[in-house]
2 protein chains.
Amino acid sequence: MRESHAKQGPETRSRILDAAERLFMEHGFDGTSMRMITGSANVNLAAVNYHFGSKDALIQEVFTRRLTAMNKERLAALDALLEASGGEPLKPSRIVEAFFGTSLEMAADNDNGGYIFMRLLGRTYTEPNSFVRQFIAEEYSECTGRFLAELYRSLPGVPRDEILWRFHFMMGATSYAIAGTDALQLFAGKFDDSDPARLVPRLMSFLLGGLRGPLPEFQEELPVEHRNAA
Amino acid sequence: MRESHAKQGPETRSRILDAAERLFMEHGFDGTSMRMITGSANVNLAAVNYHFGSKDALIQEVFTRRLTAMNKERLAALDALLEASGGEPLKPSRIVEAFFGTSLEMAADNDNGGYIFMRLLGRTYTEPNSFVRQFIAEEYSECTGRFLAELYRSLPGVPRDEILWRFHFMMGATSYAIAGTDALQLFAGKFDDSDPARLVPRLMSFLLGGLRGPLPEFQEELPVEHRNAA
DNA sequence: GTATGATTCAAACGATCGTTTGAATAAAGT
DNA sequence: ACTTTATTCAAACGATCGTTTGAATCATAC
């Protein structure tokens with residue numbers, strides 16, 4: 001009889017985090033009250049302030065819990081690629097797959113809340129004045145810095161501004177593909193999103209096609225090597 | 001002396017709408033209070049409820065004010081293309097330009113609030129439970145329906161699911177390119193976004209590259225006609 | 001079994017929320 | 001001049017917000 005009076009201790013923190021994660025995704029930070037969180041987690045109202053200090057500190061912890069591990073995984077994937085290549089410049093498709101494949105992997109994890117978190121992350125990207133954004137950027141800076149550096153190295157003839165912009169576009173397409181599925185359903189009525197495994201090759205084809213697209217205007221095209229790489 | 005006591009009448013509505021639009025973009029719907037709106041617009045607190053009825057009704061009006069005109073403009077651009085082609089299927093690039101060019105046009109309008117609104121729209125796409133999303137979808141349904149139908153007609157060999165997904169990805173890249181500029185700045189430190197005119201060709205190259213990318217897995221490629229269309 | 005530290009509990013705090021009210025003021029009609 | 005209508009104003013409403021408090025309850029060590 002543990003679930004009746006719900007006073008089982010150390011799992012309270014994670015129950016709060018899970019409930020907050022889902023509610024933040026559905027209703028936003030301001031639209032989610034402490035009472036909604038504690039009610040959904042079946043803990044006392046004061047538990048959040050006891051375990052985390054404040055609502056803002058809880059929000060931070062919701063992100064750090066997942067982001068740190070995810071970016072570490074990304075960097076490990078990049079290091080593995082570099083070791084396999086002996087330090088030589090990588091193919092752009094491999095770099096893109098290492099970065100965005102990690103996102104999609106977590107978004108495909110429906111059982112452990114990964115999908116919920118990635119949707120929350122996607123909607124947080126577009127919040128201009130939230131204190132969370134500044135802190136997310138710091139959490140991301142090392143990872144994006146290293147991946148961009150590898151992209152620069154792999155595309156030596158392409159202006160860095162163009163690479164940066166296309167990386168940005170890829171981030172947008174990916175975030176939106178994960179966070180904006182409701183919008184898609186409403187655009188198109190019912191459609192088949194029941195198989196998240198199909199999303200990965202679909203999105204990857206789109207991302208790599210966009211990355212390889214001819215540069216706008218006066219600028220030279222991407223090197224031919226990348227036009228056939230899969 | 002009109003600006004002192006600010007009781008000049010019919011412009012109150014639009015002053016409220018402008019202030020609300022900016023504040024909703026910066027802080028979200030729940031993060032923006034009636035007092036913030038009326039304070040920023042220099043009107044009395046009760047003015048919103050008098051002119052619009054409620055906060056929710058104000059939110060709706062913020063969107064209808066711009067969306068109706070924008071989608072009408074999109075459909076007019078599509079009709080113009082169809083008339084020029086004599087009803088024959090259009091090139092996919094033209095369809096994409098007609099749809100997303102209108103978005104980017106409004107996003108480039110810094111003086112009349114178009115940029116602010118497009119950022120607000122982008123962040124609203126990712127809000128799952130907001131009542132605004134249902135209502136935006138209705139406002140969009142005719143327009144996206146017709147554009148998707150033209151895309152299907154212009155790509156007869158491509159499965160409709162794939163076209164729908166790529167349209168979704170293009171929406172994401174565009175929304176994020178507009179709404180997520182802060183995220184990009186934080187990823188990459190300072191960078192040149194001072195010239196919004198350059199965004200258009202950059203994004204178009206990316207979108208069309210993604211649209212033309214080889215289809216994933218077992219499925220056949222896009223017809224060759226589209227691989228060189230600009 | 002009793003003292004100690006960690007956690008949970010019900011209750012309340014002041015602040016702010018969206019909305020309503022009724023009087024005051026401005027503009028227009030006759 | 002008076003009436004009518006539209007708009008603005010200061011003030012207040014109950015509800016809900018995040019947070020705090022002090023007692024109650026738990027687990028553990030002596």
Query raised in the report: With respect to the side chain of A/Ser54, which nucleotide from D/dT19, D/dA6, C/dA6 is positioned closest?
Result: D/dT19
Report task. Could you check which of C/dT7, C/dT19, D/dT19 has an atom nearest any side-chain atom of B/Asn49? Result -> C/dT19
Query - From D/dT19, C/dC17, D/dT7, nucleotide with atom closest to A/Lys55 side chain - result: D/dT19
Query raised in the report: Atom CD of B/Glu11 and atom P of D/dA6: how far apart are they, to the nearest Å?
Result: 19 Å
Query - Atom-pair distance (CZ on A/Phe52; P on D/dT20), nearest Å - result: 16 Å
Report summary line: The side chain to side chain contact (heavy atoms under 4.5 Å, CB included) partners of B/Glu105 (sequence neighbours excluded) come to B/Glu73
Query raised in the report: In whole Å, what is the span from the CZ atom of B/Arg35 to the P atom of D/dA10?
Result: 14 Å
Query - Atom pair distance, as rounded to whole Å: CG in B/Asn42 and P in D/dT7 - result: 19 Å
Report task. Give the rounded distance in Å between these two atoms: CZ of A/Phe29 and P of D/dC17. Result -> 17 Å
Report summary line: Here the distance between atom C1' of C/dT16 and atom CG of A/Asp30, to the nearest Å, is 13 Å
Query raised in the report: With respect to the side chain of A/Leu45, which nucleotide from D/dA12, C/dT8, C/dA11 is positioned closest?
Result: C/dA11
Query - Short side-chain N/O contact to C/dA6 OP1/OP2 from A/His51, under 4.0 Å - result: no
Report task. Tell me yes or no: between the side chains of A/Glu139 and A/Thr64, is some donor less than 3.5 Å from an acceptor? Result -> no
Report task. Using whole Å, report how far CD1 of A/Ile37 lies from P of D/dT16. Result -> 17 Å
Report summary line: Sequence neighbours excluded, the answer for side chain to side chain contact (heavy atoms under 4.5 Å, CB included) partners of B/Ala77 is B/Ala98
Report summary line: DNA chain D nearest-nucleotide lookup for A/Asn44 and A/Met36: closer to the 5′ end is A/Met36
**Report entry** Pairwise distance CG(A/Asp30) to OG(B/Ser33) - rounded to 0.5 angstrom
**Finding:** 10.5 Å
Query raised in the report: What is the nucleic acid contact for B/Ala46, judged by heavy atoms within less than 4.0 Å: base, sugar-phosphate only, or nothing?
Result: base
Query - A/Met34 CE to C/dA15 C1', straight-line distance once rounded to whole Å - result: 15 Å
Report task. Measure from NZ or CZ of B/Arg74 to the centre of the six-membered ring of B/Phe99 and say whether it is under 6.0 Å with the direction within 45° of the ring axis. Result -> yes
Report task. Identify which nucleotide among C/dC17, C/dT8, D/dA6 has an atom closest to any side-chain atom of B/Ser33, counting heavy atoms from C-beta outward. Result -> C/dC17
Requested in this report: Under 4.0 Å between any heavy atoms, over every strand shown, what does A/Thr38 touch: base, sugar-phosphate, or nothing? Just pick one.
Outcome: nothing
